[in-house]
Structure formats: structure tokens, C-alpha cells
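Input: a single structure, listed below in C-alpha cells.
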Amino acid sequence: MSENGTGAASRKGRPRSPEADDAILDATRALLADRGWAALTIGDVAVRAGVAKTTLYRRWASKQELVLAAVADMLDTLHLPDCGDLAADLESVVRQFAALLARPEMQTALMGLVADSTRDPELRLRVREVIVDPQKRLVVEGRAQARARGETTAANAIDVDLVFDIIAGTVVQHMLVSAEPAADVWVKKFVAFVGAGLMGTAEGLPAD
């Protein structure tokens, strides 16, 4: 589980309970799915999780910080398998990410955080620190695997920030902005397109 309570004030006292953290994050996600962003309150999360409201505030200083932690906890489940080649690795991660974005609690959380961050530069920074930057690990791991397999052209072409923006940005745009499902045909076309770019060739792109 992620430790994303950095927005909460640091206090001495009773050690944090992993079970309580799990219950709070689970309750947050359930309420996001059931009630949406605007109706989510710290008090309701506390009731749903069976903890005192002060318990939440000792961990997360605001609703936004709590939701950041709940989202980061979900994203931390993403993993990069070694499927034997870069395109197959990429397809696995895209499908995992799409599955998370299809969940109503993830959609509600991300859209709410993005909306609030347009008026709050500090929240925008926190979104990048807690949600965006940690997931770039997947691109770093993919580059290392490509190098280890001798896919030197692909490995050398991977600019971590750019590749992450292309992959994550496209999937988010497709599913959350355009409200389109990550259908199998779309995933395969997208992966073929990105994979061809990383390999420095247009070969393998599917025909219309």
C-alpha cells in the first residue's frame, strides 16, 4: 500500500495502523464510485471506514490529499511483466491502465482532482508528485528490459518523460475525455503505433 499522507501534519503519538489506512482508502474509493466527487466528505469516509474523523486528519490534511492517496494506491498495482519484447510489455501495461481508468472511482477521482487543480497550483504540483511521477517507473523498467533483451534501438529511443506522456496522455484522453472504451482493436492499434515509433520503424502498423 502507498504511503501518500505527506500532506497531513506530522504528529507524535500512536503508530499508524495499516489496517486503518486500508479501510480509509477503500472507503474513499467506494464513496467516490457511489456519490461522486462533490458529495465526498471526510466525515462520510470516516463513518464508512469505521474510524474517527480525527484519524483521517492525522493522515491526510484535506479531501484532495486523501483522494490522491486512494488513486496512488490503485496505480501502484500497475506492473511491467517481461513478455519477451517491448510491444508485448507495452500492451500489458496499457491494458492494466485502461482497466483502472474504466473504474468509476478512478474516473471520478482524476476528473475531480484535475478540475480542482486548475485553480490550485499547489494541488497541481501534488498531483504530479503523488500520481504522475511515481508511475514513470514503468517506462524506466521497460527501457531496462529492452536493453537487457538487446532491443538497443528501442531502448536508446526511450525518453522517459516523453514516452510516459504519450502513453498515459493518450489513454486518459481516449477514455476520460472522449469517453470511449479501450476496445481490443483500439489497444492493438495504439500499441502498434507507439511500438513502431520506439523501434524507429513504421513496420507493423495495422492497416485501416
Side-chain angles (χ1 to χ4, degrees), residues 1-9 21 24-46 48-49 56-57 59-80 90 93-140 142 159-183 186-187 190-191 193-194:
M1 189 192 69
S2 300
E3 286 290 342
N4 290 305
T6 53
D21 284 0
I24 291 166
L25 296 182
D26 286 344
T28 301
R29 289 186 285 261
L31 288 170
L32 282 168
D34 292 347
R35 302 184 186 179
W37 175 262
L40 181 73
T41 68
I42 292 289
D44 286 342
V45 172
R48 185 76 167 248
L56 272 78
Y57 280 119
R59 290 159 165 77
W60 300 284
S62 67
K63 165 182 166 177
Q64 287 81 3
E65 284 290 339
L66 175 59
V67 173
L68 280 170
V71 170
D73 192 60
M74 294 174 71
L75 291 174
D76 282 348
T77 65
L78 295 172
H79 65 281
L80 182 75
L90 173 60
V93 173
V94 168
R95 290 187 183 279
Q96 292 175 58
F97 185 43
L100 287 179
L101 289 182
R103 294 174 61 168
E105 62 269 36
M106 179 66 85
Q107 294 179 9
T108 298
L110 289 180
M111 298 298 273
L113 288 168
V114 169
D116 280 8
S117 70
T118 62
R119 302 182 301 276
D120 186 342
E122 291 187 8
L123 177 59
R124 185 176 301 181
L125 178 61
R126 292 292 294 150
V127 169
R128 187 173 70 191
E129 291 175 342
V130 176
I131 294 178
V132 176
D133 287 346
Q135 299 312 315
K136 292 180 181 179
R137 63 184 170 79
L138 296 165
V139 182
V140 174
D159 177 291
V160 171
D161 291 334
L162 179 59
V163 171
F164 179 86
D165 288 347
I166 291 170
I167 296 171
T170 300
V171 180
V172 168
Q173 159 67 30
H174 182 76
M175 297 188 67
L176 299 193
V177 180
S178 296
E180 294 288 342
W186 182 85
V187 171
F190 175 56
V191 169
F193 181 82
V194 175

* From the options Leu176, Leu32, Leu101, select the one residue that forms a side-chain contact (heavy atoms from CB on, under 4.5 Å) with Met106. =>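 Exactly one pass, corresponding to Leu101.
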
Got a donor-acceptor contact below 3.5 angstrom from the [X] side chain to the [Y] backbone?
{"X": "His174", "Y": "Pro181", "result": "yes"}
{"X": "Thr170", "Y": "Ile167", "result": "no"}
{"X": "Lys63", "Y": "Trp37", "result": "yes"}
{"X": "Gln96", "Y": "His79", "result": "yes"}
{"X": "Arg29", "Y": "Ala70", "result": "yes"}
{"X": "Ser178", "Y": "Met175", "result": "no"}

* Is Arg48 paired with Asp34 through a side-chain N to carboxylate O contact shorter than 4.0 Å? ->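 Judged by the 4.0 Å cut-off on N to carboxylate O distance, Asp34 and Arg48 do form a salt bridge.
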
[X] side chain near [Y] side chain, heavy-atom distance below 4.5 Å:
{"X": "Arg124", "Y": "Val127", "answer": "no"}
{"X": "Ile24", "Y": "Arg59", "answer": "yes"}
{"X": "Trp186", "Y": "Val171", "answer": "yes"}
{"X": "Leu25", "Y": "Trp60", "answer": "yes"}

* To do: Determine whether the side chains of Ser117 and Asp120 contain a donor N or O and an acceptor N or O closer than 3.5 Å.
  =>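 Note: Ser117 and Asp120 side chains miss the donor-acceptor criterion.
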
For the atom pair [atom1] ([X]) and [atom2] ([Y]), what is the distance rounded to the nearest 0.5 Å?
{"X": "Ile166", "Y": "Phe190", "atom1": "CD1", "atom2": "CZ", "result": "8.0 Å"}
{"X": "Leu68", "Y": "Leu110", "atom1": "CG", "atom2": "CG", "result": "9.5 Å"}
{"X": "Asp161", "Y": "Asp159", "atom1": "CG", "atom2": "CG", "result": "6.0 Å"}
{"X": "Leu100", "Y": "Arg95", "atom1": "CG", "atom2": "CZ", "result": "14.5 Å"}

* Got a sec: does the CZ of Arg128 have more than 12 other heavy atoms crowding it under 6.0 Å? ->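 No.
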
